[in-house]
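Contents: one structure, followed by commentary.
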Amino acid sequence: LKPPVKILVTGAAGQIGYAIMPMIARGQMLGPDQPVIIHMLDIPSTSEALGCLKMELIDSALPLLRGVIATTDVAQACKDVNFVIMLAGFPRKEGMERKELMSKNVAIYKAQASALEQHAAPNCKILVVANPANTNALILKEFAPSIPPKNITCLTRLDHNRALGQLSERLNVHVGDVRNVIIWGNHSSTQYPDANHAIVKTEFGEKSAKELVANDTWLKGEFISTVQQRGAVIIKARKQSSSLSAASAACDHMHDWILGTPKGTWVSMGVYSDGAYGIPAGIIYSFPVTCDKGEWSIVQGLKIDEFSRAKMEATANELVEEKNLAYSCLD
Ligand code: NAI
């Protein structure tokens with residue numbers, strides 16, 4: 001076994017926190033040979049729930065779990081952590097203005113950026129899940145200048161997994177035989193789920209998903225809208241947002257980032273744009289990436305048709321607008 005690493009989960013007393021804890025402590029995030037010490041942070045009004053979560057983790061007798069800290073103190077939570085999963089956020093309340101919501105989240109991410117900068121281990125790697133995920137990650141990057149921008153990412157893997165799920169259902173194949181869909185842009189309803197480059201393993205060899213589906217109307221219509229709207233459909237039915245699939249996607253994101261993507265496979269991650277594919281630099285945008293030795297790289301040179309280009313730009317425009325709104329909250 002490797003020496004233990006410290007993982008901070010912020011907003012740990014929430015829904016995703018409850019679902020993700022056993023996944024982390026059973027090695028689904030960092031592998032079955034990686035012991036973990038979990039730091040759980042939430043706000044004081046949740047401290048009882050946080051304490052219970054700690055008890056339940058102890059009661060699960062998990063061999064990879066080498067320690068649990070449940071705290072409402074940000075500095076203690078951030079102390080020497082190697083990995084950070086940020087679930088903490090202010091939820092949208094009935095009748096709340098977009099700016100008011102943004103302003104609450106900007107304040108949270110600004111404060112936590114400073115704490116991470118001061119207390120986290122050097123080279124700590126961060127995944128922001130809480131919405132607005134891309135813009136929260138951007139604020140974190142802006143207020144933690146000593147953390148390399150490459151170490152700050154946001155979750156679009158849930159959307160990626162949803163897209164794989166839709167193709168596998170449509171083609172009646174195992175989801176594990178489908179790969180290389182792409183989520184471009186924002187984790188919001190403007191995201192662009194793109195199946196143009198997806199590949200399916202079949203008994204006759206590897207085939208293009210687009211050719212197998214052979215229905216452009218579905219690929220450009222229902223496929224995209226189903227993935228874009230899936231989160232909203234779940235909220236409506238469940239009266240709260242997806243937790244289990246979000247927790248599972250967060251594990252996939254960290255797993256592939258740290259342990260690497262298989263050869264010939266890419267995944268979608270919200271990362272700091274360097275201007276690739278003509279997307280404005282300086283926003284956190286979801287791209288197809290491959291990962292090796294803990295470093296992600298944007299997949300280069302994919303052919304982009306006019307339909308895709310328009311969708312990629314629309315979601316980029318939304319992110320630029322969100323960035324401006326976030327900055328206006330800092331004044
Ligand atoms: P939740 O509301 O159950 O949990 C959020 C937790 O954050 C609460 O326990 C709250 O007390 C805590 N919190 C609030 N402010 C805090 C602060 N300053 N410091 C520490 N903790 C703080 O929400 P849930 O369902 O667990 O979702 C978490 C976030 O993830 C939400 O923002 C949700 O919209 C987002 N989400 C993102 C997805 C993605 O694919 N990127 C998918 C699903 C959810």
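The structure displayed is predicted, hence computed values, not measured ones. Residues take their numbers from the sequence shown, with the count starting at 1. Note that ligands are numbered from 1 as they come in the structure, with each ligand's atoms numbered from 1 the same way.
- Look at Lys323 and Glu142 and you find no salt bridge, because none of the NZ, NE, NH1 or NH2 atoms lies under 4.0 Å from a carboxylate O.
- Considering every non-hydrogen atom in both Asn134 and Ser286, the closest pair reads ND2-N, 4.3 Å.
- Shown here for Val181 and Trp266, the closest heavy-atom pair between the two residues is O-NE1, 3.0 Å.
- Using cut-offs of 30° and 60° for the angle between ring planes, the Tyr285 and Trp184 rings count as tilted.
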N/O to N/O under 3.5 Å, ligand 1 against protein:
unit_1, atom_1, unit_2, atom_2, d
ligand 1, 3 (O), Gln15, N, 2.9
ligand 1, 9 (O), Gly14, N, 3.4
ligand 1, 9 (O), Asp42, OD1, 3.4
ligand 1, 9 (O), Asp42, OD2, 2.7
ligand 1, 11 (O), Asp42, OD1, 2.5
ligand 1, 19 (N), Gln112, NE2, 3.1
ligand 1, 26 (O), Gln15, N, 3.2
ligand 1, 26 (O), Ile16, N, 2.9
ligand 1, 32 (O), Asn131, N, 3.0
ligand 1, 34 (O), Asn131, ND2, 2.9
ligand 1, 40 (O), His187, NE2, 3.3
ligand 1, 41 (N), Val129, O, 3.2
ligand 1, 41 (N), Leu155, O, 3.4
ligand 1, 41 (N), His187, NE2, 3.4

For Glu97 and Leu101: C-alpha separation, side-chain torsions, deciding distance, then whether side-chain contact (heavy atoms from CB on, under 4.5 Å) applies. CA-CA 6 Å; Glu97 292 286 332; Leu101 182 67; over 6 Å; no
Passes ring pair (Phe, Tyr, Trp, His ring centres under 6.0 Å), Trp296 versus Phe287? Steps please. CA-CA 10 Å; Trp296 54 263; Phe287 286 100; 8.3 Å; no
